[in-house]
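One structure is given below, encoded as structure tokens.
Throughout, residue positions are numbered sequentially from 1 according to the sequence presented. Reckoned from all heavy atoms, side chains included, excluding hydrogens, waters and symmetry mates.
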Amino acid sequence: MEDKKIGCLVMAAGSGLRFGGGKLTAELEGKPLIRRALEAVPEGVFASVLVAAQEPSFEELAASFGFRFLLNNHPDRGVGYTIRLGTEALSDCAAILYMVADQPLLTQDTVARVAGAWLRAPACIAGACCGGRRGNPNIFPAKFFPELLALEGDRGGSRVIRAHEDCFLPVEVPERELADCDTRESLNALR
């Protein structure tokens, strides 16, 4: 299964401007969002897990899970830059699952199901969705890495998916797991 080596990129480098800063250290049910994100990564699924963040203090937390850490010193360059850094660091993988760190209700089961869907159809981009609404995480095979590396600013993987709709494999997940916390109000709504 070496040819099916999957990497996981946990994207935790955003500035959380709409949240008012400090988004990933905000808590839901007594746990910071960054911890909840790392807890959603299932054991034994990924050959390598990389946490890309602008907050150096997350390195110790990542290490406690056995994950690698990548400091993003330029969060102002947008999610495209985080995707580029992570894709370069995991470029030896057959595919990379891209997770955002602000979906606090995401479960290990859902992440594992997205990875499993890709393993059954490795030419596809597999991604979480609910009722036709796409969300995160998404897993991209290596043939899409050049397009991901070319992303700039706040253009994320959805741009690549839109360019290859015929390759997208939806994985139905509970709607609540797709909820992200872009604002304090959205976090409060999950409480």
> Taking the side chain as C-beta and beyond, is there a heavy-atom pair between W118 and P141 under 4.5 Å?
Replying inline: yes

> Got a donor-acceptor contact below 3.5 angstrom from the Q103 side chain to the N136 backbone?
Replying inline: yes

> Measuring from E177:CD to C130:SG, what's the distance to the nearest 0.5 Å?
Replying inline: 10.0 Å

>> Please report the interatomic distance SG(C124) to CZ(F168), rounded to the nearest 0.5 Å.
In response: 10.0 Å

>> Any non-hydrogen side-chain atom of R36 less than 4.5 Å from a side-chain atom of L105?
In response: yes

> Quick check, are the ring centers of F69 and F58 under 6.0 angstrom apart?
Replying inline: no

>> Could you check whether any side-chain heavy atom of F140 comes within less than 4.5 Å of a side-chain heavy atom of V160, counting everything from C-beta outward?
In response: yes

>> Can a donor-acceptor pair be found, under 3.5 Å and without considering hydrogens, that links the side chain of T87 to the backbone of I83?
In response: yes

> Would you say E175 has more than 12 foreign heavy atoms packed within less than 6.0 Å of its CD?
Replying inline: no

>> Rounded at 0.5 Å granularity, tell me how far CZ in R77 sits from CG in L151.
In response: 15.0 Å

> Looking at E165 and R134, does any basic side-chain N land under 4.0 Å from a carboxylate oxygen?
Replying inline: yes

>> Show the nearest heavy-atom pair for residues L178 and A128, with the distance to one decimal.
In response: CD2-CB, 3.9 Å

> Taking atom CD of E39 as the centre, does the number of heavy atoms from other residues, nucleotides or ligands within less than 6.0 Å exceed 12?
Replying inline: yes

>> If I compare all heavy atoms of C181 with all of K23, which pair ends up nearest, and what's the gap?
In response: O-CD, 2.8 Å

> Is Q54 reaching over with its side chain to a backbone N or O of L71, donor-acceptor style, under 3.5 angstrom?
Replying inline: no

> Of the non-hydrogen atoms in P104 and L28, which two are nearest, and what is the gap between them?
Replying inline: CB-CD2, 3.7 Å

> Donor-acceptor pair, K143 side chain versus A123 backbone, under 3.5 Å?
Replying inline: yes

> Are L85 and F46 joined in one hydrophobic group, where the rule is that I, L, V, M, F, W and Y side chains link up if heavy atoms are under 4.5 Å apart?
Replying inline: no

> Are any of the side-chain heavy atoms of R84 and E152 separated by less than 4.5 Å?
Replying inline: yes

>> On a heavy-atom basis, which atom in A142 and which in C93 lie closest, and how many Å separate them?
In response: CB-O, 4.0 Å

>> If I compare all heavy atoms of L24 with all of A101, which pair ends up nearest, and what's the gap?
In response: CD2-O, 3.4 Å

> How many angstroms lie between atom OG of S48 and atom CG of D92, to the nearest 0.5 angstrom?
Replying inline: 7.5 Å

> Under 3.5 Å, side chain of R113 to main-chain N/O of E172, donor-acceptor pair present?
Replying inline: yes

>> Can a donor-acceptor pair be found, under 3.5 Å and without considering hydrogens, that links the side chain of R133 to the backbone of C129?
In response: no

>> Once you measure the plane-to-plane angle for F67 and F65, does it fall in the parallel (<30°), tilted (30-60°) or perpendicular (>60°) bin?
In response: parallel

> Would M99 end up clustered with F145 when hydrophobic side chains under 4.5 Å apart are linked, directly or stepwise?
Replying inline: no

> Hey, mind stepping through R68 and V51 against side-chain contact (heavy atoms from CB on, under 4.5 Å) and telling me if it holds?
Replying inline: CA-CA 6 Å; R68 293 167 45 209; V51 179; over 6 Å; no

> For the hydrophobic clusters of this structure (ILVMFWY residues joined by side-chain heavy atoms under 4.5 Å, transitively), does one cluster hold both L33 and L38?
Replying inline: yes

> Any side-chain heavy atom of I6 within less than 4.5 Å of one from I96?
Replying inline: no

>> Can you give me the closest heavy-atom contact between V10 and A37, atom names plus distance?
In response: CG1-CB, 4.4 Å

> Tell me, do I161 and N138 make a side-chain contact under 4.5 Å, heavy atoms counted?
Replying inline: yes

> Do V49 and I139 sit in the same hydrophobic cluster, where Ile, Leu, Val, Met, Phe, Trp and Tyr count as joined when their side-chain heavy atoms come under 4.5 Å apart?
Replying inline: yes

> Per the side chain to side chain contact (heavy atoms under 4.5 Å, CB included) rule, which among V45, V41, L97 passes with V111?
Replying inline: L97

>> If hydrophobic clusters are built from ILVMFWY residues whose side chains come within less than 4.5 Å, do L50 and L148 share one?
In response: yes

> Looking at side-chain heavy atoms only, is the closest gap between P137 and L106 below 4.5 Å?
Replying inline: yes

>> Side chains of E147 and H164 only: does a donor on one sit below 3.5 Å from an acceptor on the other?
In response: yes

> Any side-chain heavy atom of L90 within less than 4.5 Å of one from L9?
Replying inline: yes

